[in-house]
Trainee: 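Structure in C-alpha cells, see below.
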Amino acid sequence: QVQLVESGGGLVQAGASLRLSCAASGRTFGTYDLGWFRQAPGKVREFVAAISRSGTSTWYGDSVKGRFTISRDNAKNPVYLQMDSLKPEDTGLYYCAATKTVSRYYRDYDYWGQGTQVTVSS
C-alpha cells in the first residue's frame, strides 16, 4: 500500500506563492502516477495536476495552467506542487493521490492523503 501526507499549505495573500509537498511511505509508491486535487466547501473535488511515474508527462486543470507546476523525485517527497500567482479562487483543501493509471477523475485514484489547507486572501 501507499501512504501519503501533504504539507506546505497556509494562509497567503493573492499573488503569493506556495509549494506543497507530499511525503510517502510504502516501497511501491514509485510505481504509481501521482496527482493533486483540491476541494472547497460546497464544491466538487477538482483536478489540479498529475504526473506520470516516470516524471516525463504532466497534466493540469484548466484553472491552474501557467501558474502551477507539478514535479516528482521518487524519493521521500515523491510529488510537489509549486503554486504561483495564487488567487482567492485557489482556496481549498489540497490532496495528493496515487493511481496505477493517470486520470483527471478522483474516483480513479487508489490512495489519498489527508489534505493540506490553502487559503488565499484578497
Side-chain angles (χ1 to χ4, degrees):
Q1 65 175 1
V2 176
Q3 296 178 347
L4 305 169
V5 180
E6 305 92 338
S7 63
L11 174 63
V12 299
Q13 294 182 336
S17 296
L18 282 174
R19 184 172 183 258
L20 305 183
S21 299
C22 184
S25 62
R27 295 181 180 179
T28 63
F29 75 86
T31 68
Y32 287 80
D33 299 320
L34 300 173
W36 286 95
F37 289 79
R38 67 188 182 188
Q39 188 167 23
K43 296 184 178 180
V44 299
R45 193 165 300 181
E46 178 186 15
F47 172 75
V48 176
I51 188 167
S52 63
R53 62 199 68 186
S54 66
T56 59
S57 298
T58 58
W59 300 264
Y60 295 94
D62 291 339
S63 63
V64 305
K65 288 180 180 178
R67 298 188 297 119
F68 291 9
T69 303
I70 188 171
S71 62
R72 69 180 297 169
D73 60 12
N74 291 316
K76 182 178 180 179
N77 295 314
V79 62
Y80 303 91
L81 185 68
Q82 177 66 42
M83 306 186 296
D84 297 322
S85 301
L86 284 164
K87 304 175 180 179
E89 51 262 44
D90 294 318
T91 294
L93 189 64
Y94 282 68
Y95 301 90
C96 61
T99 178
K100 281 294 187 180
T101 303
V102 69
S103 172
R104 291 175 175 265
Y105 306 106
Y106 71 88
R107 291 186 177 182
D108 292 331
Y109 284 75
D110 303 306
Y111 301 99
W112 293 84
Q114 292 299 117
T116 185
Q117 179 67 38
V118 173
T119 303
V120 184
S121 65
S122 59

Trainee: Is the closest side-chain heavy-atom distance between Ser7 and Thr116 below 4.5 Å?
Mentor: no
Trainee: Under the 3.5 angstrom rule, does the side chain of Gln82 hit a backbone N or O of Arg19 as a donor-acceptor pair?
Mentor: no
Trainee: Taking the side chain as every heavy atom from C-beta outward, state whether Val12 and Leu18 have any atom pair closer than 4.5 Å.
Mentor: yes
Trainee: In Å and rounded to the nearest 0.5 Å, what is the CD1 to OG1 distance from Ile51 to Thr56?
Mentor: 8.0 Å
Trainee: With a 3.5 Å distance limit and no angle check, can you tell me whether Glu6 reaches the backbone of Leu20 through a side-chain donor-acceptor pair?
Mentor: no
Trainee: To the nearest 0.5 Å, what is the distance between CD on Glu46 and OH on Tyr106?
Mentor: 13.0 Å
Trainee: Grab the two heavy atoms, one from Thr99 and one from Thr101, that are nearest each other, plus how far apart they are.
Mentor: OG1-O, 2.8 Å
Trainee: Measure the shortest side-chain to side-chain distance between Gln117 and Tyr94 over non-hydrogen atoms and say whether it is less than 4.5 angstrom.
Mentor: no
Trainee: What heavy-atom pair brings Leu81 and Ala49 nearest, and what distance separates the two atoms?
Mentor: CD1-CB, 4.2 Å
Trainee: Does Tyr95 belong to the same Ile/Leu/Val/Met/Phe/Trp/Tyr cluster as Trp59, with side-chain heavy atoms less than 4.5 Å apart forming each link?
Mentor: yes
Trainee: Provide the closest heavy-atom pair for Ala97 versus Tyr109 in the form atom of the first, atom of the second, distance.
Mentor: CB-CD2, 3.4 Å
Trainee: Do you know the tightest heavy-atom contact between Ser17 and Ser85?
Mentor: OG-N, 4.3 Å
Trainee: For the residue pair Tyr111 and Tyr32, is the inter-centroid distance of their aromatic rings smaller than 6.0 Å?
Mentor: yes
Trainee: Before you tell me yes or no, could you show the steps for Trp36 and Phe47 under side-chain contact (heavy atoms from CB on, under 4.5 Å), namely the whole-Å CA-CA distance, both residues' side-chain angles and the distance that decides it to 0.1 Å?
Mentor: CA-CA 7 Å; Trp36 286 95; Phe47 172 75; over 6 Å; no
Trainee: Side chain of Thr119, backbone of Thr91: donor and acceptor closer than 3.5 Å?
Mentor: no
Trainee: For Tyr60 and Ile70, work out which heavy atoms get closest and say how close.
Mentor: OH-N, 2.9 Å
Trainee: Can you check side chain to side chain donor-acceptor pair (under 3.5 Å) on Gln3 and Ser25, steps first, answer last?
Mentor: CA-CA 5 Å; Gln3 296 178 347; Ser25 62; 2.9 Å; yes
Trainee: Check ring-ring contact (aromatic ring centres under 6.0 Å, His included) between Phe68 and all other residues, then give those that pass, not counting sequence neighbours.
Mentor: none
Trainee: Might you point out which heavy atoms bring Leu34 and Ala98 nearest each other, and give the distance in Å?
Mentor: CD2-CB, 3.7 Å
Trainee: Side chain to side chain donor-acceptor pair (under 3.5 Å), that's the test. Do Gln13 and Ser122 meet it? Break it down for me.
Mentor: CA-CA 6 Å; Gln13 294 182 336; Ser122 59; over 6 Å; no
Trainee: Look at the aromatic rings of Phe37 and Trp112 and report parallel, tilted or perpendicular, splitting at 30° and 60°.
Mentor: tilted
Trainee: Which residue pairs pass the salt bridge (charged side-chain N to carboxylate O under 4.0 Å, His left out) test with at least one member in residues 85-106, sequence neighbours excluded?
Mentor: Arg38-Asp90, Arg67-Asp90
Trainee: Give the intermediate values and the outcome of side chain to side chain donor-acceptor pair (under 3.5 Å) for residues Ser52 and Ser54.
Mentor: CA-CA 5 Å; Ser52 63; Ser54 66; 3.3 Å; yes
